[in-house]
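Because only heavy atoms are used, hydrogens play no part in the values below, and waters and symmetry mates are left out as well, while side chains stay in. Source: prediction; values computed, not measured.
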Amino acid sequence: MLLKQNSTASVMGFARYSKKAEIESAELVAAARNWQKSYLAKQDGILMHAFVGNLAGEFADVILASDAAAFASMSQNFSSDESSRTFHSMLDESTIKLTQIRLLDNAFQVPTGFSSIEIGKLALSGVDGEEEMLASAAQLKSNYLSRFPEAKAHVMGHIGGDNYAEVAFAENIGAGRQICYGYLQDESGQNFLKHFDQTSFDLDFWFVLA
């Protein structure tokens with residue numbers, strides 16, 4: 001995993017996909033690690049890259065960047081790099097879903113000590129606005145997440161329009177799932193979730209592969 005500690009990130013890139021059927025998972029992991037070391041580690045402003053998988057057999061890239069310009073530069077120069085092209089050639093292009101997220105914490109520090117990332121996409125219900133939602137997210141962190149030493153970081157992000165992202169970093173996928181689903185029985189969790197259209201929830205738990 002690429003991890004530049006003591007750095008502040010403002011943008012997250014999330015690319016979700018499946019591999020081509022003829023590609024072995026171990027081959028894809030090796031190619032992702034080579035891309036990470038040969039290309040991403042050399043890009044100014046790219047602070048973190050985790051190549052991750054989920055329990056359904058899908059894969060994803062989670063990238064933290066210092067700002068939108070650094071993320072755009074990395075994306076624009078992607079095709080000029082051999083390790084990037086090799087890695088991309090192993091993916092089923094029809095399954096690729098790209099999301100750019102503007103983090104709503106102006107001082108979000110690149111986390112450490114995690115091996116699992118929960119990424120949820122949610123839409124505001126329209127009853128309350130962003131300010132009220134962020135106040136509830138802050139209460140969730142202080143009243144609920146602070147109870148769990150396995151919870152390493154939590155941040156809200158804006159995708160566009162009424163669409164937002166919740167991103168949580170945990171020590172492992174078991175702890176991440178337990179903590180997330182525990183929201184449902186916690187008052188601060190219920191107050192947080194009430195800001196969103198319940199039918200819009202799309203979340204998954206990812207574990208670090210490289």
Side-chain angles (χ1 to χ4, degrees), residues 1-17 32-33 35-54 58-81 83-84 87-88 91 96-124 129-131 133-134 137-138 140-141 145 151-170 176 195-196 200 202-210:
M1 181 165 57
L2 171 64
L3 195 64
K4 297 180 181 178
Q5 298 182 27
N6 303 315
S7 301
T8 301
S10 67
V11 172
M12 172 178 282
F14 177 55
R16 179 177 187 161
Y17 45 78
R33 179 167 168 76
W35 176 55
Q36 184 182 90
K37 296 174 68 176
S38 299
Y39 180 68
L40 292 174
K42 300 174 183 177
Q43 301 301 300
D44 291 338
I46 300 303
L47 308 176
M48 188 203 85
H49 170 254
F51 174 64
V52 297
N54 66 11
E58 295 176 296
F59 301 94
D61 297 297
V62 182
I63 293 175
L64 290 178
S66 58
D67 51 39
F71 187 79
S73 178
M74 179 276 297
S75 301
Q76 290 166 3
N77 295 326
F78 177 91
S79 60
S80 65
D81 176 73
S83 67
S84 301
F87 176 56
H88 188 266
L91 310 182
I96 298 174
K97 298 178 181 178
L98 303 173
T99 305
Q100 184 171 331
I101 302 165
R102 177 174 60 86
L103 302 182
L104 297 176
D105 182 343
N106 293 328
F108 182 69
Q109 292 286 312
V110 175
T112 60
F114 67 91
S115 67
S116 174
I117 308 172
E118 175 257 315
I119 300 179
K121 297 179 182 179
L122 321 92
L124 286 178
E130 182 178 292
E131 185 175 348
M133 179 272 290
L134 289 176
L140 175 69
K141 290 174 69 173
L145 295 177
K152 301 304 180 182
H154 180 272
V155 65
M156 297 302 299
H158 185 222
I159 298 172
D162 289 332
N163 297 309
Y164 288 79
E166 180 198 25
V167 184
F169 298 80
H195 295 285
F196 301 99
S200 71
D202 177 15
L203 65 91
D204 210 337
F205 300 86
W206 303 86
F207 48 88
V208 177
L209 293 166

- Task: Show your reasoning for whether side-chain hydrogen bond (donor to acceptor under 3.5 Å, both in side chains) applies to Ser7 and Gln109.
- Result: CA-CA 6 Å; Ser7 301; Gln109 292 286 312; over 6 Å; no

- Is a side-chain donor or acceptor of Lys4 paired with a backbone partner of Ile46 at a separation under 3.5 angstrom? yes

- Query: Is Ser75 reaching over with its side chain to a backbone N or O of Phe71, donor-acceptor style, under 3.5 angstrom?
  - Reply: yes

- Kindly indicate, with the supporting measurements, whether the criterion side chain to side chain contact (heavy atoms under 4.5 Å, CB included) is fulfilled by Glu118 and Leu203. CA-CA 7 Å; Glu118 175 257 315; Leu203 65 91; 4.1 Å; yes

- Query: Taking all non-hydrogen atoms of both residues, which atom of Ala151 and which atom of Leu145 are closest, and how far apart?
  - Reply: CB-O, 3.9 Å

- If you round to the nearest 0.5 Å, how far is CG of Leu209 from CZ of Phe59? 6.5 Å

- Query: Between atom CZ of Phe207 and atom CZ of Phe114, what is the distance when rounded to the nearest 0.5 Å?
  - Reply: 14.5 Å

- Query: Is Ser116 reaching over with its side chain to a backbone N or O of Trp206, donor-acceptor style, under 3.5 angstrom?
  - Reply: yes

- Note on the structure: Looking only at heavy atoms, the pair that brings Leu103 and Ala9 closest together is CD1-O, 3.8 Å

- Message: So if I apply the side-chain contact (heavy atoms from CB on, under 4.5 Å) rule between Met48 and each of Val110, Thr112, Leu40, Leu2, which one comes out positive?
- Response: Val110

- How many angstroms lie between CE in Met1 and OG in Ser115, if you round to the nearest 0.5 Å? 8.0 Å

- Query: Which of these, Ile63, Val62, Ile159, Val155, sits in a side-chain contact (heavy atoms from CB on, under 4.5 Å) with Met12?
  - Reply: Val62

- Message: Leu140 vs Glu166, test: side chain to side chain contact (heavy atoms under 4.5 Å, CB included). Steps then yes/no.
- Response: CA-CA 12 Å; Leu140 175 69; Glu166 180 198 25; 4.3 Å; yes

- Item | Considering all heavy atoms, the nearest Ala70-Gly45 contact | CB-CA, 3.8 Å

- On a heavy-atom basis, the closest approach of His154 and Phe108 is O-CE1, 4.4 Å

- Query: CD of Glu130 to NE2 of His158: how many Å apart, nearest 0.5 Å?
  - Reply: 6.5 Å

- Interatomic distance, Tyr164 atom OH to Met133 atom CE [nearest 0.5 angstrom]: 5.0 Å

- Look at the side chain of Gln100 and the backbone N and O of Val11, then say whether any donor-acceptor pair between them is shorter than 3.5 Å. no

- Under the side chain to side chain contact (heavy atoms under 4.5 Å, CB included) criterion, do Tyr17 and His88 qualify, and how do the steps go? CA-CA 11 Å; Tyr17 45 78; His88 188 266; over 6 Å; no

- Message: To the nearest 0.5 Å, what is the distance between CD1 on Ile101 and OG on Ser10?
- Response: 12.5 Å

- Query: Looking only at heavy atoms, what is the nearest atom pair of Asn163 and Ala123, with distance?
  - Reply: OD1-CB, 3.7 Å

- Distance-minimising heavy-atom pair for Arg16 and Asn54: NH2-ND2, 3.8 Å

- Please test Phe14 against Ile117 for side chain to side chain contact (heavy atoms under 4.5 Å, CB included), starting from the C-alpha separation and ending with a verdict. CA-CA 11 Å; Phe14 177 55; Ile117 308 172; over 6 Å; no

